[in-house]
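Worksheet for the structure shown next.
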There are 2 protein chains.
Amino acid sequence: MNTNLIFKALSNEVRAQILEWLKEPDENFGPQIFLPPDSDFRGGICVGSIQEKAGLAQSVISSYLTLMKNVGLLESKRFGQWTYYRRDEEKIKAFAEYVKTQL
Amino acid sequence: MNTNLIFKALSNEVRAQILEWLKEPDENFGPQIFLPPDSDFRGGICVGSIQEKAGLAQSVISSYLTLMKNVGLLESKRFGQWTYYRRDEEKIKAFAEYVKTQL
DNA sequence: TCATTATATCTAATTATCTCGATTTATCAA
DNA sequence: TTGATAAATCGAGATAATTAGATATAATGA
């Protein structure tokens with residue numbers, strides 16, 4: 001866990017906002033109709049939905065999501081042409097534990 | 001509490017390092033001989049000591065400390081020509097609580 | 001008062017981040 | 001196979017952060 005990179009990721013308001021939105025995926029993005037219900041990737045939202053809500057260019061959101069995945073805040077899974085992202089609750093919890101006990 | 005500004009402050013390695021050093025002020029900086037013992041500001045370290053250990057320019061450390069104070073990570077008190085900084089444990093705790101419950 | 005020391009502020013150069021549009025890659029459907 | 005759609009990557013310009021050096025402010029002590 002590279003806490004410095006996590007702090008960097010969270011220091012951008014758009015990225016922090018996306019992480020917050022993904023706490024309530026259905027409420028914030030509506031149902032993901034293309035996500036196969038048997039896929040076992042509940043809560044995953046595709047790049048396009050996040051891009052639309054954030055209002056930044058597609059390339060920006062794509063790289064933001066990749067960055068957040070790389071530092072451990074998100075996990076992703078591809079189904080066909082769609083890449084779905086959701087929170088990595090385990091790693092987020094580990095980070096929160098670090099902040100509480102080590103910061 | 002502006003969590004975005006706190007994340008920004010912590011996203012810089014030098015600032016994060018200073019916050020860590022200030023967890024053990026005596027071990028990391030030695031005794032602060034100029035700090036009046038009756039001052040009730042235990043754990044406070046002057047700018048010069050922090051500057052020396054960090055190895056960056058005095059102006060840089062001064063502004064970093066001001067920034068960290070502004071976002072609530074540090075508190076400061078001036079005695080004569082010296083300004084002593086120490087961790088604001090209450091606000092750090094509140095931030096850690098936010099990360100654990102809201103992030 | 002004047003020189004010294006500690007800290008803060010200002011200015012500027014370098015580097016990093018943000019953001020976009022264009023292109024590329026991957027997948028799907030006809 | 002070809003055209004369309006989704007996402008990722010590339011290249012570049014604008015903005016912000018980092019850092020240093022010079023100067024300003026504040027306090028001390030002779």
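Every chain is numbered from 1 and lettered A, B, ... according to where its sequence line falls, protein lines coming before strand lines.
Rounded to the nearest 0.5 Å, atoms CG (B:Leu74) and CG (B:Leu19) are 6.0 Å apart. Of the inter-residue distances, the one linking B:Glu20 atom CD with B:Leu10 atom CG reads 11.5 Å to the nearest 0.5 angstrom. Once rounded to the nearest 0.5 Å, the distance linking OG of B:Ser76 with CZ of B:Phe41 reads 6.0 Å. Considering CD of B:Glu52 and SG of B:Cys46, their distance stands at 9.0 Å, rounded to 0.5 Å. Atom CD1 in A:Ile18 sits 7.5 Å away from atom CZ in A:Phe29 (nearest 0.5 Å). The distance from the CD1 atom of A:Ile50 to the CD atom of A:Gln17 is 12.0 Å, given to the nearest 0.5 Å.
For the pair B:Ile45 CD1 and C:dT7 P, the interatomic distance rounds to 11 Å; values are reported in whole Å. Put simply, CG on A:Leu65 is 11 Å from C1' on D:dA8, counting in whole angstrom units. Here the C1' atom of nucleotide C:dA6 and the CD atom of B:Gln51 are 11 Å apart, to the nearest Å. Counting to the nearest Å, the P atom of C:dA26 and the NZ atom of A:Lys77 are 20 Å from each other. If you take CG of A:Leu67 and P of C:dT19, they are 13 Å apart, rounded to a whole angstrom. In this structure, B:Ile61 places its CD1 atom 14 Å from C1' of D:dA17, rounding to the nearest Å. Between the CD atom of B:Glu52 and the P atom of C:dT5 there is a distance of 15 Å, given to the nearest Å. Rounded to whole angstrom, the span from the OH atom of A:Tyr64 across to the C1' atom of C:dA16 amounts to 12 Å.
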Working for side-chain contact (heavy atoms from CB on, under 4.5 Å), residues B:Lys69 and B:Glu75: CA-CA 6 Å; B:Lys69 180 189 169 181; B:Glu75 53 190 351; 5.7 Å; no
B:Lys53/B:Asn28 under side-chain contact (heavy atoms from CB on, under 4.5 Å): CA gap, chis, key distance, verdict: CA-CA 9 Å; B:Lys53 192 169 176 72; B:Asn28 287 305; 4.0 Å; yes
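Contacts with DNA chain D (heavy atom under 4.0 Å) in residues 5-25 of chain B: B:Lys8, B:Asn12, B:Arg15, listed by number.
Closest to the side chain of B:Ser62, from the set C:dT9, D:dT19, D:dA8, is C:dT9.
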Sequence neighbours left out, cut at 3.5 Å: what donor-acceptor pairs do the side chains of residues 93-103 of chain B make with other protein atoms?
residue, atom, partner, partner atom, Å
B:Glu97, OE1, A:Lys100, NZ, 2.6
B:Lys100, NZ, A:Glu97, OE1, 2.6
B:Thr101, OG1, B:Glu97, O, 2.9

Base-contact (B) and sugar-phosphate-only (S) positions in nucleotides 22-28 of chain D, heavy-atom cut-off under 4.0 Å, - elsewhere: B----BS
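Counting non-hydrogen atoms under 4.0 angstrom, A:Val47 reaches the backbone sugars and phosphates but no base.
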